[in-house]
Amino acid sequence: MGMTITEKILAAHAEKDRVSPGDLINVKLDLVLGNDITAPIAIKEFRQIGVDRVFDKDKVAIVPDHFAPNKDIDSAEQCSMVRQFAHEQDLTNYFEVGRMGIEHALLPEQGLVLPGDAVIGADSHTCTYGALGIFSTGVGSTDLAAAMATGETWLKVPSSIKFIFKGHLNPWVTGKDLILYTIGKIGVDGALYQAMEFTGEAISSLSIDSRLSMCNMAIEAGGKSGIIAPDNKTLDYVEGRSHRTFTAYHSDEDAAYAATYEWDVADIESQVAFPHLPSNTRGISDVGDVAIDQVVIGSCTNGRLEDLRIAAQVLKGHEVDKRVRCIVIPATQDIYRQAMKEGLIEIFVDAKAAVSTPTCGPCLGGHMGILAKGERALATTNRNFVGRMGHPESEVYLSGPAVAAASAIAGKITSPEEL
Amino acid sequence: MIYKGNVWKFGRDIDTDAIIPARYLKTSDPAELGKHCMEDADPEFVHKMKKGDIIVADENFGCGSSREHAPISIKAAGISCVIAKSFARIFYRNAINTGLAILESAEAVDGITAGDEIQVDTDKGEITNLTTGKVYYAKPFPEFIDNIIKQGGLISYVREKVKTPVG
Ligand code: SF4
């Protein structure tokens, strides 16, 4: 019996010839990650373990991105605590405001995670890096503390579900639409504890940015990880970003899957998730009349260059509706700079959108665009739970950047085709 | 451990934003987090519940973010344990790591009504509905996880491990 890509990566990091779903293993980690919300608890726990130094100062990344730039005194205290720890431990990969970006956009961009790696992060969207053929998963702060001390973590080997996407993508459809469609089909616990492996010609045709959006939301189906086998696009992407050697793993032909789904992407149009679950999806043609107060284009799901290019393409020559606040948040400083070079920022400002420095900001209801009671937002983020972006009686709808930009212009949820 | 308390029932897919909304993540102080436990699922929850009470929920409890603030807030509010049909995986890890007792039993969830008084023996995985007299058994933990629980959580487990470094 062959192994899946996930099993191969885990076996290699557990120093075993093979592993099977259900095995409890100790995994050696290539990188561990914390942020300004999860690291403070981890640091307190780390101090109780009885070691002075982290296991490897190059392999612990800390990114203050959630409530940074500091939104108030309490969050300033949290950021200050992680900053002191990062300096005390002389961490190579601590990213201060001005260098910082949203962690899951930043780490792949900086070449800190490479194909074949095993990565954990105290953030649920750590599964994003699977797009590069990496096993990566979210854990809690105590797991992070233990991993910072030992460089290892315990994991149960997940079974894998295979998702085959055939055919050619419809106009404006990106990775975000494919993953929303998938979650809509299988539900928010459809892949509980499992690895979601995305494959097929439509996946091969996706850009790396789109693949990152897809794997980012594996957690929204309950998944432990999302993964896409590395191909030439992956190798081109990582080229020049790191000097570290890496291994490209692929699933064997006869690997075992807990389930297989096969869809023709010709049947998939732009998707919108209605409140209050990411699985509550509809095709854009079934949305009906939904007026909105705010549009957010950003986050670790859709704040990358491809997303900004698409949004700019739609917004160019238009203006945001007078009743709508449109907030655009490039996910990293490099993306910001490139968006400036390409004139995208100018298009946003001309269209009367507000452009922010990289931050998670409104994605988790932190700052930079909180909703009042009864307000409704369309966001390119990944969660639309009750109260996610502000008041418990506000609403969040989710979409990709094309629909978000078109909706900002129309003042209601709209397909770019209708402009 | 044996816990006894009254039941508060919740549906499926109770997410971490409902358990502890992100607007309160400016601190990691358990007492402060406990004050807002379950606030976006039931704003009155912390005022209605009593210390030792038990949360019983459907599938996928704790889905969403990795915030350990969620089990910390439940524990700090005074909830003694959580029984669900299934838990989201990061929440499951976090509960074990922070010492919040959790049990998985679909039968118990279906057989228990809000307000029932129940008794939970976490060592045996035995859930007794004192109101109806029915007894249910939770899925036992894998041995490895049981060891972490017996050692008092992941930190004590790792503390022991790093005392005898190899290589
Ligand atoms: S952008 Fe949103 S989902 Fe992504 S890491 Fe930040 S808060 Fe989490």
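Every chain is numbered from 1, with letters handed out A, B, ... down the list of sequences.
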Chemist: Which residues satisfy the ring-ring contact (aromatic ring centres under 6.0 Å, His included) test with A/Phe385, sequence neighbours excluded?
Modeler: none
Chemist: Checking an interface table here. Which of residues 43-53 of chain A come within a heavy-atom distance under 4.5 Å of chain B?
Modeler: A/Lys44, A/Glu45, A/Gln48, A/Ile49, A/Val51
Chemist: Please look at B/Ser156 and chain A and tell me whether the side chain, the backbone, both or neither of the residue comes under 4.5 angstrom of a heavy atom of that chain.
Modeler: neither
Chemist: What residues form a salt bridge (charged side-chain N to carboxylate O under 4.0 Å, His left out) with B/Arg89, not counting sequence neighbours?
Modeler: none
Chemist: Is a side-chain N or O of B/Glu68 found less than 3.5 angstrom from the main chain of A/Ala122, in a donor-acceptor match?
Modeler: no
Chemist: Non-hydrogen atoms of chain A under 4.5 Å away: do they reach the side chain of B/Ser65, the backbone, both or neither?
Modeler: both
Chemist: For the pair A/Leu364 and B/Asp17, evaluate side-chain contact (heavy atoms from CB on, under 4.5 Å) and give the outcome as yes or no after the intermediate values.
Modeler: CA-CA 9 Å; A/Leu364 81 162; B/Asp17 282 282; 5.5 Å; no
Chemist: Is it the side chain or the backbone of B/Phe87 that comes within 4.5 Å of chain A heavy atoms, both, or neither?
Modeler: both
Chemist: Short question: side chain of B/Glu59, backbone of A/Asp189 - any donor-acceptor pair under 3.5 Å?
Modeler: no
Chemist: Keeping A/Arg383 on the side-chain end and B/Gly64 on the backbone end, is there a donor-acceptor pair under 3.5 Å?
Modeler: yes
Chemist: Might you confirm whether atom NZ of B/Lys9 has over 12 heavy atoms from other residues, nucleotides or ligands at distances under 6.0 Å?
Modeler: yes
Chemist: Select one option (side chain, backbone, both, neither) describing which atoms of B/Ile90 are under 4.5 Å from chain A's heavy atoms.
Modeler: side chain
Chemist: Taking the side chain as every heavy atom from C-beta outward, state whether A/Trp154 and B/Tyr157 have any atom pair closer than 4.5 Å.
Modeler: no
Chemist: By side chain to side chain contact (heavy atoms under 4.5 Å, CB included), which residues pair with A/Ala379, not counting sequence neighbours?
Modeler: A/Val296, A/Thr381, A/Met389, A/Val396
